[in-house]
Amino acid sequence: MSDNIRLRFAPSPTGPLHIGGLRTALYNYLISKKSKGKFILRIEDTDLKRYNKKAEKHILDSLKWCGISPDESPEKPGNYGPYRQSERKNIYKKFIAILIKSGNAYFAFDKKEKLEEKRKKCEKNGETFIYNWHNRLKFNNSLSIRNEKTKKLTQNNNYVVRFKTVHSGKSKNMITVNDEIRGKIQVDLNNLDDKIICKSDGMPTYHLANVVDDYLMKITHVIRGEEWLPSLALHCQLYNAFGWEKPKFAHLPLILKPTGTGKLSKRDGEKYGFPVYPIKWKDESKKSEIKGFKELGYESKALINFICFIGWNPGNENEILSLNELIENFSINRIIKSGAKYDIEKAKWFNQSYVRKLPNKTFKIILENKINISQLNSERINKIIELLKERLTFKNDILIESNNILEEPKNLDKNFINKEWSKDLNNVIIELNRYIKENHLIKPEKIKDYYLNQLKNNNIKIGIGMQALRLCIIGKISGPDLFIIIEILGNSKINKRISKTLNKIND
RNA sequence: GGUCCCAUCGUCUAGGGGUUAGGACACAUGGUUUUCAUCCAUGAAACAGGGGUUCGAUUCCCCUUGGGACUACCA
């Protein structure tokens, strides 16, 4: 039976995939994999005007980077294709005709502009504009106009098809729809619009295409964003009109702005400087490229772990879970109902945990690509990596950290020099430099012993002495273990650096 | 305006008729380290308000308030 479990992610390629969409995809993926079912990617490109070719690629590439691979998709068709709605136009036509024939839908001829005017007028008067049973006969449509005239009008191909909501004649017509996360929801059918299901360009709207495809593709669970909850009743009515069994529905809580109120928008990322896309996005209309999690150095595994926990948790105190562990632990009934604010700090924390688990080889490749480390043998490279690994939030930070060590200091901490530098201190360092030069094969441990001893003899605080020496070698008074740095750089380099720094200070 | 959804520390959340309301991030303090980071320990920090139901409510119900979504020939 579990073979029959089928879930889909059905994005609209009008813009880049953001983390909200990614989370929807992830949850669908997780449930399908947990029940050993199938995960389908369907491209909902029924809006010809807003279609963006780059967006579809962005969605595909993002999912790929995150390791969420569909079992069926436009690229990998299964038995239920095509998987792009623009290629399914004729299928929808057939089902729209069925609804018209059964009296569940009708042709409507009023121009969009005219209806908009009416809507505005109603709003002005504080009224609610609905196009449904209570006023549909007042508009131009195949219910209000005689048959011959209707035929003529439809021949012009200048019509839309509207779904005819049922009207019981009672003042209220309550039905119950079910959401797996929220439970039973009561809706008054009398308030439902006669929604357009077929546009004048012949393309279906989301509502129709979505329902038809979910049925045809044998989708068992519809997991989507909360913004779809208000149209759930309509979708249920469509299933009823066709006489189809409904899938299970779950509407995910929204991801909200980190500060203030409102749902997270694509602009927030630019405004606050945090990523909202998995991978970079460059729109033709905009010159600048927006960096994604990938470009900012996040691990895809960390991203997945992070977004999975916005709105879900396993019920125990484990937080670091691999994709396989998420599959194992995931369940629909532990999804949260309320919206969650997006907190990038937590994402950084997740990333840090994943960066630590990265093998040294990964860092070695980063270093090899960006800086010249040919003069270092692999043992030394490994030492650098081990030294710096636990200090990193992002794996690419190792470049900055290692540059601080490998490159001669450019700027010296002036504040420290002005405050703490003394003649005695100066002399002790000169003395140390000579000692290293004379014993150029000496081990860092011995250098440490010698230096600490000298500090003691000259009544210089160890802390100050260490900071001073560090300043001579890397220009800063804080950083990783100094004597490991000495070991990595080698005594002759240390000699050079100390001399140079002393010259600068004493100039 | 109408319809629907939601409400526990600053943030993500656990819990659920009787709990010292638990954890994580962030924050603060202390310890470790020569320093920073790490690591360890500790601390501060929450049941939106008002009514019910009940012996007892943060938990169940109602109202208020607040937040959100939808209200397109967009999805």
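Within every chain, numbering begins at 1; the chains are lettered A, B, ... in the order of the sequence lines, protein sequences first and strands thereafter. Keep in mind that this is a model prediction, so the values were computed, not measured.
Comparing the same atom, C1', in rA28(B) and in rU64(B) gives a spacing of 37 Å after rounding to whole Å. With P as the reference atom, rA45(B) and rC61(B) are 30 Å apart, rounded to whole Å. A distance of about 16 Å separates the C1' atoms of rU13(B) and rU58(B), rounded to the whole Å.
For rG10(B), neither phosphate oxygen OP1 nor OP2 lies less than 4.0 angstrom from any side-chain nitrogen or oxygen of K341(A). Under 4.0 angstrom from either OP1 or OP2 of rU71(B) there lies no side-chain N or O belonging to R119(A). In this model, the phosphate group of rC12(B) is not approached by any side-chain N or O of K348(A) to a distance below 4.0 Å at OP1 or OP2.
At distances below 3.5 Å, at least one donor-acceptor pair connects side-chain atoms of D110(A) with backbone N or O atoms of N140(A). The backbone N or O of E325(A) lies less than 3.5 Å from a partner atom in the side chain of S322(A), making a donor-acceptor pair. One N or O on the side chain of D193(A) and one on the backbone of Y131(A) form a donor-acceptor pair closer than 3.5 Å.
Evaluation of atom-type donor-acceptor distances gives a pair under 3.5 Å for the side chain of S200(A) against the base of rC73(B). With hydrogens and angles left out, the side chain of R182(A) and the base of rC5(B) share no donor-acceptor pair within 3.5 Å. For R356(A) and rU38(B), a side-chain-to-base donor-acceptor distance below 3.5 Å is absent, hydrogens and geometry of angles not being considered. Interface remark: the K346(A) side chain does form a donor-acceptor pair with the rA24(B) base, using a distance-only criterion of under 3.5 Å.
Following rounding to the nearest Å, N140(A) (CG) and rC73(B) (P) show an atom-to-atom distance of 16 Å. Atom-to-atom, CD of E113(A) to P of rC73(B) comes out at 10 Å; the value is rounded to the nearest Å.
Residue E345(A) is the one, among E345(A) and L392(A), whose nearest nucleotide of RNA chain B lies closer to the 5' end (criterion: closest heavy atom).
Nucleotide rG1(B) is matched to rU71(B) when pairs are restricted to Watson-Crick or G-U wobble geometry with both distances under 3.5 angstrom.
Counting heavy-atom neighbours within 6.0 Å of K456(A) NZ, excluding the residue itself, gives a total of 12 or less.
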Can you give me every donor-acceptor pair (side chain of residues 12-26 of chain A, partner residue at least two apart or in another chain, under 3.5 Å) with its distance?
unit_1	atom_1	unit_2	atom_2	d
S12(A)	OG	E44(A)	O	3.4
H18(A)	ND1	G20(A)	N	3.2
R23(A)	NH1	I310(A)	O	2.7
R23(A)	NH2	P253(A)	O	2.3
T24(A)	OG1	G20(A)	O	3.1

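Checked against rA72(B), rA37(B), rA75(B), the side chain of T205(A) finds its nearest nucleotide in rA75(B).
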